[in-house]
Amino acid sequence: MKRLLAAAVTVASLAFASPSLAQTPPNVLVVGQIAEPKSLDPSAVTAQNDFRILLNMYDGLVRYKDGTLEVEPALAESWTISDDGLTYTFKLREGVSFHDGSPFNAEAVKFTFERMLNEDHPYHDTGPFPLAFYFSSIDTVTAIDDTTVEFKLKEPYAPFLSNLAYATGLIVSPKGVMDNGADFGRNPSGTGAFKFAEWEANSKVVVTRNEDYWDGAAPLEAVIYRPITDTNTRIAEMLSGGIDVMPEVPPDSLQQFRSDANYTVYEQVGPHVWFLILNAKEGPFANKAVRQAANYAINKTALVDNILQGTAAVANGPTPPAFNWAYNESLEPYPYDPEKAKALLEEAGYDGEPVTFYVTEGGSGMLDPIAMGTAIQADLEAVGMDVNIETYEWNTFLGKVNPGLEGKADMAEMAWMTNDPDTLPFLALRSEAFPDKGGFNSGYYSNPEVDELLNKARQATDQGERAELYKKMQEIVQEDAPWVFVANWKQNAVTKASVENFKLQPSFFLMLQDVAKPQ
């Protein structure tokens, strides 16, 4: 069997040695990724682009049930929660091994989380771990025995199980980390349906079928993830047969694929928000009136209708409507009102100070960022703001934005796809989430009332109570306007018609364990 898998990878490698060899091999799926992955260490990455690979190579204790954001067993067969909400005890699946042959057990679970969370852990220096915030509520992790692991929390934390199902909760091989150190992200080992085979920089990541997968061997022999950062090149590869799956199809191309029987188009609503981070610490956007002016100045309906061609809806605040139980339907989006924007700028004393605007070439959930950035620039200039765009490749862009905009830029494009209404505001709108504290509040927004509401919502065990707290938070944030709230996207993908059992998930993960491609 190893020889068969190696042959599949070799065939796949040859198939992409030259653009003239465009037809992909049978039973090997080729995915056109929007960017080169940063790492294949799930504890160390933040981008949905990377998650699309990782969720097929690793498992968590729990996972999202197919087609939902509800949690079901994975590496844990069952769990119990104490009455006070502080102790979670998981019974682990027996007989599971990591791809490197080492056993999956409670010590591996303990290692995964302590490596992220404990600065004195011997392998904490293999990070950084930017989404460790997801598990900041953990006090201790105890391996009771090989098949029982106990988490004690510092306080009740309602999103805990949902976060365990997220990519940051995937379990890594302790042996793999110990053997490879900081290079584990280039030599990954999980328990998932596919095993790492090869990573050729800026060309492909290859994974092969795990014949011993606890949930049944996948139909595909291998998956090849090809980073194709230019959208037009990605479309050309799809049309020429060089790739089998293309997530995030530009709106212009959707109809072309819909009308061709050789392809299948998929769409799925999920929790996505596209926004502009505004630097509330310094420069013109330190003034709330100027931030509100930007929200009035930008014609979001035109962005959604003309550039995104109806594949998204105008956002009314920081919480996407896919979280229907926590979404504040009473809020109306900022209307397009350039005269109101001009009046607010005059009231604020804005004197034409130049604004530096970071725009990305592409990236997870970023839709059509250059076209959107250019339209936004024009709208802001129409009300008297002098906007200078700086454009960067996705990973370079994240390297500039995530550490904070101070001293560099006044605004930046951003999109988040999240698993719980807690995630985005907690990591990107709290005072304690400034970049120097490990968070993603790159615009330095701070409102003590928002902080209090988010902390209370995390601890509330009643969903109705949580919903009211989130809805109040949305009202305050919309008024404070730390972001320009632009769009909520309906994700999409196109596949060759020969690809079977493909689905999009509301988690935005690209789950390939059941996909087949017989020819």
Indicate whether any N or O donor in one side chain lies under 3.5 Å from an N or O acceptor in the other, for [X] and [Y].
X: D480; Y: Y445; answer: yes
X: Y444; Y: D436; answer: no
X: N316; Y: Q478; answer: no
X: E155; Y: Q459; answer: yes
X: R115; Y: Y123; answer: no
X: T148; Y: D145; answer: yes
X: Y64; Y: N419; answer: yes
X: T423; Y: T418; answer: no
X: Y358; Y: D410; answer: no

Do the side chains of [Y] and [X] get nearer than 4.5 Å, heavy atoms only?
X: M414; Y: F397; result: yes
X: Y392; Y: T360; result: no
X: F196; Y: L40; result: yes
X: Q505; Y: K503; result: yes
X: Q33; Y: I53; result: yes
X: Y88; Y: E150; result: no
X: T495; Y: D244; result: no
X: F485; Y: V314; result: no

Do the side chains of [X] and [Y] get close enough for a salt bridge, i.e. N-O under 4.0 angstrom?
X: E248; Y: R52; value: yes
X: E329; Y: K471; value: no
X: K472; Y: E468; value: no
X: E77; Y: K91; value: no
X: D59; Y: R93; value: no
X: R430; Y: D451; value: no

Approximate separation, where rounding is to 0.5 Å, of [X] [atom1] and [Y] [atom2]:
X: L367; Y: Q491; atom1: CG; atom2: CD; answer: 11.0 Å
X: K152; Y: T87; atom1: NZ; atom2: OG1; answer: 3.0 Å
X: I370; Y: E413; atom1: CD1; atom2: CD; answer: 8.5 Å
X: D422; Y: F323; atom1: CG; atom2: CZ; answer: 9.5 Å

W325 and Q463: side chain to side chain contact (heavy atoms under 4.5 Å, CB included), yes or no, with the steps?
-> CA-CA 8 Å; W325 62 271; Q463 190 176 84; 3.3 Å; yes
Please state whether the rings of W489 and H272 are parallel, tilted or perpendicular, taking 30° and 60° as the class boundaries.
->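 Correct class here is perpendicular.
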Assign the ring pair W483 / F275 to parallel, tilted or perpendicular, where the plane angle (0 to 90°) is split at 30° and 60°.
->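 Rings of W483 and F275: parallel, under 30°.
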Would you check if the distance from the ring center of F111 to the ring center of H121 is below 6.0 Å?
->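 Yes: the rings meet the under 6.0 Å criterion.
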Check the pair M116, T168 against side chain to side chain contact (heavy atoms under 4.5 Å, CB included), reporting the backbone distance first and the verdict last.
-> CA-CA 10 Å; M116 277 193 285; T168 316; 3.8 Å; yes
Apply the ring pair (Phe, Tyr, Trp, His ring centres under 6.0 Å) test between F160 and each candidate in Y166, F151, Y134; give the one that qualifies.
->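 Filter result, single survivor: F151.
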Starting from the C-alpha separation in whole Å, work towards a yes-or-no answer on side chain to side chain contact (heavy atoms under 4.5 Å, CB included) for V71 and K65.
-> CA-CA 6 Å; V71 167; K65 190 182 297 183; over 6 Å; no
